[in-house]
Structure formats: structure tokens, C-alpha cells
Amino acid sequence: MSSAAPRPSVLFVCVHNAGRSQMAAAFLTHLAGSRVEVRSAGSAPADQVNPAVVQAMAEVGIDITAETPKILTTEAVQASDVVITMGCGDTCPVFPGRTYLDWRLDDPAGQGVEAVRPIRDAIEGYVRGLIADVLPA
């Protein structure tokens, strides 16, 4: 009886873990399901997920109302195969043997839902490409 390959693990990091990283984690969970282990965190987490981000995700049928911003930990980075930063700067710890990607996206903080929609759509595109890269066809 052969065991399946371990699930790839992806960590999304932005400063507040209230917008971009939450959207990316939600899209990856939605599109890849249990085939990928998904985490998100922030170097300086906000008190809550940006309400405009919650609304923008609801528009595409993804409910993130229960999500809360989480602090970035060294352990989370060490436990991840792929670490994707989004405007995190130099605050993300780097470990050998991990894949690091930086997605350049506007920060939705303080923006209305109209400004969040194009960021959301760009993140969905990035996530679809990521799934193609980390999951065997």
C-alpha cells in the first residue's frame, strides 16, 4: 500500500494579515481544498480582517467572516514549503529549503470594496498559477 505524497504547505504573509494574505489563503483553500495545507499570517496583525475584503470575497462566494489576523511565527515559516510575501518587507524570516515568492499587490487597507476587487482578482490569478505549480496534474 503506497502512501500519497505529503500535501504541499503554503504560507501567505502580509503586514496586517487583514487583506491580501487572507484573500490568498481563502482562494487557495477554496480552489485546492484539502490538497494543500494553507496558512496566513502578518508581521503586525490588525485587530480584524478588513471589512471591504470580507465583502469582496463574499461577492465571489467565499466567506471569510470567521477569519482573524494571526501573528507571523518562525514556526509557521519553518512548517511551510512555499512562503509568499505581499508587501512584508524584511520582516519575514528566511530559512533554507523553502521557496519564497513575492507577489506585488496594492494594499487594500483603508480602501473601499471598489478598490479591493481588482486586488482580489489579481490574487485569484496568482493562486491559480500557484496551484498549477505545487500540485501534480
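Placement of Val60 and Leu130 within a single hydrophobic cluster is found when ILVMFWY residues are connected by side-chain heavy-atom separations under 4.5 Å, directly or transitively. Residue Leu135 is grouped with residue Leu101 when hydrophobic side chains (ILVMFWY) are merged at heavy-atom distances under 4.5 angstrom, including chains of intermediate members. In the hydrophobic clustering of this structure, Val113 does not group with Val54; members are Ile, Leu, Val, Met, Phe, Trp, Tyr whose side-chain heavy atoms approach within less than 4.5 Å, directly or through other members.
Judged by distance alone, the side chain of Arg98 and the main-chain N or O of Gln78 form a donor-acceptor pair under 3.5 Å. Listed for the His30 side chain is no donor-acceptor partner under 3.5 Å among the backbone atoms of Ile62. Remark: side-chain polar atoms of Gln111 are not paired, donor with acceptor, to backbone N or O of Val116 under 3.5 angstrom. The backbone N or O of Gly33 lies less than 3.5 Å from no partner atom in the side chain of Arg35, so there is not a single donor-acceptor pair.
Under the 4.5 Å side-chain criterion, counting only non-hydrogen atoms from C-beta, Glu37 is not in contact with Pro8. Side-chain atoms of Thr68 and Val49, non-hydrogen and from C-beta on, never get closer than 4.5 Å to each other. Residues Ser40 and Lys70 meet the side-chain proximity criterion, which asks for heavy atoms closer than 4.5 Å. A heavy-atom distance below 4.5 Å is not found between the side chains of Ser21 and Val13. Under the 4.5 Å side-chain criterion, counting only non-hydrogen atoms from C-beta, Val36 is not in contact with Ile131. When side chains are defined from C-beta on, Val53 counts as touching Ile64, because their heavy atoms get closer than 4.5 Å. Inter-residue side-chain proximity for Phe12 and Asn17 is flagged as unmet; no heavy-atom pair is nearer than 4.5 Å. Residues Val134 and Val82 form a side-chain contact, since some pair of their non-hydrogen atoms from C-beta on lies under 4.5 Å apart.
Taking both residues in full, the closest heavy atoms of Pro69 and His16 are given as CB-O, 3.5 Å, listed atom of the first, atom of the second, then distance. Here the closest heavy-atom approach between residue Ala18 and residue Ala46 is recorded as CB-CB, 3.8 Å. Taking all atoms of both residues into account, the shortest heavy-atom contact from Ala24 to Met86 is CB-CE, 3.4 Å.
Other residues, nucleotides and ligands contribute more than 12 heavy atoms inside 6.0 Å of the CG atom of Asp107. Other residues, nucleotides and ligands contribute at most 12 non-hydrogen atoms within 6.0 Å of the CG atom of Asp47.
In this view, Ser34 satisfies the side chain to side chain donor-acceptor pair (under 3.5 Å) rule with no residue, not counting sequence neighbours. Applying the side chain to side chain donor-acceptor pair (under 3.5 Å) criterion to Asp63, with sequence neighbours excluded, gives Thr65.
Between the CZ atom in Arg117 and the CE atom in Met57 there is a gap of 13.0 Å [rounded to 0.5 Å]. Here the CG-CE distance, from Leu105 to Met23, works out to 8.0 Å after rounding to the nearest 0.5 Å. Expressed to the nearest 0.5 Å, how far OG1 of Thr73 lies from CG of Leu11 amounts to 8.0 Å.
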Please assess Val10 against Val38 for the test side chain to side chain contact (heavy atoms under 4.5 Å, CB included), listing each intermediate value before the final yes or no. CA-CA 5 Å; Val10 178; Val38 182; 5.5 Å; no
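Using modelled atom types and a 3.5 Å distance limit, the side chains of Ser9 and Asp81 yield no donor-acceptor pair. With hydrogens and angles left out, the side-chain atoms of Arg39 and Ser80 include a donor and acceptor closer than 3.5 Å.
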List the atom pairs, with distances to 0.1 Å, where a side-chain N or O of residues 119-127 and a protein N or O form a donor-acceptor pair under 3.5 Å, not counting sequence neighbours.
residue: Arg120; atom: NH1; partner: Ala56; partner atom: O; Å: 2.7
residue: Arg120; atom: NH1; partner: Glu59; partner atom: OE1; Å: 3.2
residue: Glu124; atom: OE2; partner: Arg128; partner atom: NE; Å: 3.1
residue: Glu124; atom: OE2; partner: Arg128; partner atom: NH2; Å: 2.9

